[in-house]
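Structure, as structure tokens:
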Amino acid sequence: MSNSQRYTITAALPYTNGPVHIGHLAGVYVPADIYARYLRNTGNDVIYICGSDEHGVPITIKAKKEGVSPQDIVDKYHTIIKKSFQDFGISFDNYSRTTAKIHHETASEFFKKLYNEGKFIEESNEQLYDAEANQFLADRFVVGTCPKCGNEESYGDQCESCGTSHNATDLINPKSAITGNVPTTKITKHWYLPLDKYEKWLREWIVEGHKNDWKTNVLGQVKSWLDDGLKPRAVTRDLDWGIPVPVEGADGKVLYVWFDAPIGYISSTKEWAAREGKDWEPYWKDEKTKLIHFIGKDNIVFHCIIFPAMLKAEGSYILPENVPANEFLNLEGNKISTSKNWAVWLHEYLEDFPDKQDVLRYALTANAPETKDNDFTWKDFQARNNNELVAIFGNFINRVVVLTNKYYDGIIPEPNEFSDVDNETLEKLQKFPSVISSSIERYRFREASQELMNLARLGNKYLADEEPWKVIKENPERVKTVLYVALQIATGLSIVCEPFLPFTSAKLEGILNISKNVAWDDIEKTNELIAPNHKIGKAELLFAKIEDEEVQKQLDKLEATKQANEAENKVVEPQKETIEFDDFTKLDIRVGTILEAVKIPKTKKLLQLKVDVGLDIRTIVSGIAESFKPEDIIGQKVTVLVNLAPRVLKGIESQGMILMTDTPDGKLAFIEPENDSVANGEQVS
RNA sequence: GGCGUGGUAGCUCAGUUGGUUAGAGCGUCGGAUUCAUAACCCGGAGGUCUCCAGUUCAAUUCUGGAUCACGCUACCA
């Protein structure tokens, strides 16, 4: 690689509806940080850009729920997120936010340019509007009578009874699903990015052009989208939280959050450039600049299809060189979930494990979800620290420093003639930077982190083989050479570990009493990384062991979360309004037995059942396929509401409803008579 | 249902453009050693490479099917 290549590195903008957790770190921020630090160390012109993503519906919902303004929500999390990134050593050149003025301006300009150049499709249509909720009622927000079959509970976009799809305005007697009010109609206009026009180009650029250098999971996902066929995508929304659509007649409309968010990379770059007195444009418009997006797999479609199409439509921007998306990290066997509080939150980790940023960085890198979902366990975290960082890396450094201080008062000795082993060891040391570089440049960070550890292993083996503590008794001159060589390895480690373990690198430089005077690439060029007669500092442990109790504390914390979640799930729904006995007697509920059960094709949840309800044997469609296998429920006693109006589901008429309840693990359970001899057709009263 | 990605040692993962004994780290067992945070170093055990079928002289590697996990999408709540 030629020197001083320009790189623009972006990390997915964290969404400000919660703090950052280890899943975000392992998937995006740590690998991107390693990459950025590595490129800086090898003399490139790098900007590492990020910021908070603060628009979108979920923020407004959360704000409503907590009775505060959306701005309060995003301020709160932006502050937490920004600080925790900083404390964790994520080396962003700029961390901005999408509520920033510069971002609103940048996104507006971007939209206007595409608008003026006619890159959007403009579509106006009459939509239902709920004045009380102050909201347009699309799709599922409205129910009414189906114009085709007369079903009174058709949704706005489709009637479930007859299966036809229609517009919400076609419904007879529409009602708002939010307030129950009768909606008015209002004309609303939206702008669409015609993705279908970019389909061919995207296929050529990614599926063919990058089939050898992009990750298979990314290529596969992109291909899957393209094969499905792209459709025009609305880039505006009727909402009051976001960036106002900057054209005439767009009052009350904002840019779709996924339109504005990726532009945040650009506005964050502008913010950085203004502060640093630089020109932002080469970082986004110079063909020679390499643009790399680090993201999680959930963002592939936005970074590989929508954002590139936007950039292409705009015309003056470069396209990403690569989009190394990672898979997901699980926590102790379960999916990480912000809403369920099943996570290790970065800001809490930093409090619980002060000065142990590098331990988490290392544990997440060594077990990163690069090719498939992985599991983070505290036991693995502890093992990575105790067996690798402490026992191999820290221990090697400690041995070298202790010996140097003990024999030479901390002054690096002049070596004598090198033995074959010395030369081989020094040659191996020289090869490490390029091996690690190669892994990093292929986005294989876990492999790179293991190579780093192998360098420390090389040092330990060298000491074990040369036994300076023994040789000192017969041949003190030889020991000078041995420690000289060992110190070269220690110095090499301090340089090569920087992208992965920046805090450790700084600490080690302090111990060795050096400051970055050797560059990454110098290791393979020079024979001497640290010179004789230089005085090093006293021994100081780089890493501390993590005891079982500390890990147990974290496990207890998770267990508490689990129990809190279960308790929350037990929250009983409030009692419904009082009904009269007559109301109850209208319900005809009977005991029945399932005689047949078949999965309905092309559905995930539906089973077609034949149930003997005493009166007759009837067909019932029930959405229980995720909880039961058809063959397991034949003969099952059930309770059936038999006089429910028949309803056609997937073309099959369902003549009744099986009564079900939920189990704590989210499955369904039948309601059945405790006494097995109860006959089919017996009434429930 | 369609599509994508993955299923390799107890655990976490490499790898094989098809070819004699399939690798690493951790864990485990044994040895050596004391400069070092009982750490390091050496060695051993441990795998029908998810299953079935096909192509082939030869498959863990290619093809087809099944199955499980995760995701996208459709449908469904």
Side-chain angles (χ1 to χ4, degrees), chain A residues 140 155 158 160 163 165 215-229 231 296-301 304-305 325-330 333 335 363 366-377 379-407 439 444 446-447 449-451 453-454 456-473 479 482-483 486 539-547 599-607 621-626 649-651 660 668:
Chain A
R140 305 276 147 152
Y155 286 117
Q158 189 174 36
E160 291 194 345
S165 56
K215 293 174 69 164
T216 48
N217 57 339
V218 177
L219 285 170
Q221 193 71 70
V222 168
K223 193 167 174 296
S224 172
W225 272 85
L226 293 176
D227 288 348
D228 258 12
K231 290 182 207 113
K297 65 175 163 184
D298 50 336
N299 277 340
I300 290 174
V301 64
C304 298
I305 291 181
N326 273 331
E327 302 283 305
F328 284 160
L329 189 69
N330 294 325
K335 277 186 211 185
N367 190 31
E370 286 176 1
T371 52
K372 63 175 185 190
D373 291 2
N374 268 344
D375 196 26
F376 176 91
T377 64
K379 199 172 152 245
D380 178 72
F381 168 83
Q382 181 189 27
R384 294 281 179 195
N385 179 73
N386 293 356
N387 302 331
E388 297 180 31
L389 292 176
V390 172
I392 297 171
F393 193 128
N395 186 35
F396 169 66
I397 297 300
N398 195 39
R399 299 170 86 179
V400 176
V401 175
V402 165
L403 287 171
T404 306
N405 274 295
K406 187 167 173 181
Y407 298 151
S439 294
R444 301 169 78 141
R446 57 190 307 161
E447 185 180 276
S449 72
Q450 290 316 296
E451 284 302 332
M453 207 42 73
N454 284 339
R457 288 194 170 98
L458 174 73
N460 277 320
K461 181 167 167 50
Y462 178 76
L463 284 183
D465 290 347
E466 298 309 309
E467 302 179 300
W469 49 89
K470 232 186 219 174
V471 177
I472 192 84
K473 290 165 196 157
V479 173
V482 171
L483 278 184
E540 196 185 332
L541 298 182
L542 287 180
F543 302 100
K545 283 202 122 186
I546 291 173
E547 303 298 334
K599 182 108 186 281
I600 299 178
K602 301 205 174 204
T603 67
K604 203 184 248 178
K605 295 185 179 172
L606 298 186
L607 291 186
V621 175
S622 188
I624 57 173
E626 286 184 323
L649 292 166
K650 297 303 289 183
M660 307 295 297
L668 294 166

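Residue numbers begin at 1 in each chain, while the letters A, B, ... track the order of the sequences.
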Which residue lies more 5' along RNA chain B, comparing A:K231 with A:F543 via nearest heavy atoms
A:F543

Pick the closest RNA chain B nucleotide for A:E540 and for A:L458 by heavy atoms, then say which residue is nearer the 5' end.
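Per heavy-atom nearest nucleotide, the more 5' residue is A:E540.
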
Please enumerate all residues that pass ring pair (Phe, Tyr, Trp, His ring centres under 6.0 Å) together with A:F376, with sequence neighbours excluded.
A:W378

In whole Å, I'd like the distance from the [atom1] atom of [X] to the [atom2] atom of [N].
X: A:L226; N: B:U73; atom1: CG; atom2: P; answer: 14 Å
X: A:I305; N: B:G4; atom1: CD1; atom2: P; answer: 15 Å
X: A:L329; N: B:U12; atom1: CG; atom2: P; answer: 13 Å
X: A:D227; N: B:U5; atom1: CG; atom2: P; answer: 11 Å
X: A:F381; N: B:U12; atom1: CZ; atom2: P; answer: 19 Å
X: A:I300; N: B:U5; atom1: CD1; atom2: P; answer: 11 Å
X: A:N386; N: B:A39; atom1: CG; atom2: P; answer: 9 Å
X: A:K372; N: B:A69; atom1: NZ; atom2: P; answer: 15 Å

I'd like a table of atom pairs between the protein and nucleotides 22-26 of chain B - only N or O on both sides, under 3.5 Å - with the distance next to each one.
from	atom 1	to	atom 2	distance (Å)
B:G25	O3'	A:R457	NH2	3.1
B:G25	O2'	A:E388	OE2	3.3
B:C26	O3'	A:N387	ND2	2.9

Can you tell me how far apart CG (A:L542) and CG (A:N395) are? Round to the nearest 0.5 Å.
10.5 Å

Identify whether any heavy atom of [X] sits under 4.0 Å from a base atom; if not, whether one sits that close to sugar-phosphate; answer base, sugar-phosphate or nothing.
X: A:K461; value: sugar-phosphate
X: A:I397; value: nothing
X: A:T371; value: sugar-phosphate

Closest to the [X] side chain: [options]?
X: A:D465; options: B:C41, B:A39, B:U8; value: B:C41
X: A:A391; options: B:G15, B:U37, B:A39; value: B:A39
X: A:K335; options: B:G6, B:C42, B:C70; value: B:C70

Least distance between heavy atoms, [X] atom then [Y] atom:
X: A:P468; Y: A:L463; value: CD-O, 3.6 Å
X: A:V222; Y: A:C304; value: CG2-CB, 3.5 Å
X: A:Y407; Y: A:V479; value: CD1-CG1, 3.9 Å

Gap in Å between the two [atom1] atoms, one belonging to [N] and one to [M], rounded:
N: B:G64; M: B:C70; atom1: P; result: 25 Å
N: B:G43; M: B:C26; atom1: P; result: 13 Å
N: B:U5; M: B:A14; atom1: P; result: 15 Å
N: B:G47; M: B:A24; atom1: C1'; result: 14 Å
N: B:A22; M: B:U48; atom1: P; result: 12 Å
N: B:U37; M: B:G44; atom1: C1'; result: 28 Å
N: B:C49; M: B:G7; atom1: C1'; result: 10 Å
N: B:G30; M: B:A45; atom1: P; result: 15 Å

Check A:D373 with A:K297, please: is the shortest side-chain N to carboxylate O separation under 4.0 Å?
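Yes, A:K297 and A:D373 are salt-bridged.
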
I'd like to know if the side chain of A:N460 pairs up with that of A:R457 as donor and acceptor (distance under 3.5 Å, no hydrogens or angles considered).
no

Please list, for nucleotides 32-36 of chain B, all pairs of protein and nucleotide N/O atoms separated by less than 3.5 Å.
from	atom 1	to	atom 2	distance (Å)
B:C35	O2	A:R399	NE	3.2
B:C35	N3	A:R399	NE	3.1
B:C35	N3	A:R399	NH2	2.6
B:C35	N4	A:R399	NH2	2.8
B:A36	O3'	A:N398	ND2	3.2
B:A36	O2'	A:N395	OD1	2.8
B:A36	O2'	A:N398	ND2	3.2
B:A36	N3	A:N395	ND2	3.4
B:A36	N3	A:R399	NE	3.1

Which residues pass the side-chain hydrogen bond (donor to acceptor under 3.5 Å, both in side chains) test with A:N217, sequence neighbours left out?
A:E327

Would you indicate whether the side-chain heavy atoms of A:T377 and A:Q382 approach each other to under 4.5 Å?
no

Selection residues 386-406 of chain A - residue pairs positive for salt bridge (charged side-chain N to carboxylate O under 4.0 Å, His left out), sequence neighbours left out
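The answer is A:R384-A:E388.
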
Taking both distances under 3.5 Å as the test for a Watson-Crick or G-U pair, what stems of at least three pairs does RNA chain B have?
B:1-7 with B:67-73, B:10-13 with B:23-26, B:28-31 with B:41-44, B:50-54 with B:62-66

Check this one for me: any side-chain N or O of A:K545 less than 4.0 Å away from OP1 or OP2 of B:A38?
no

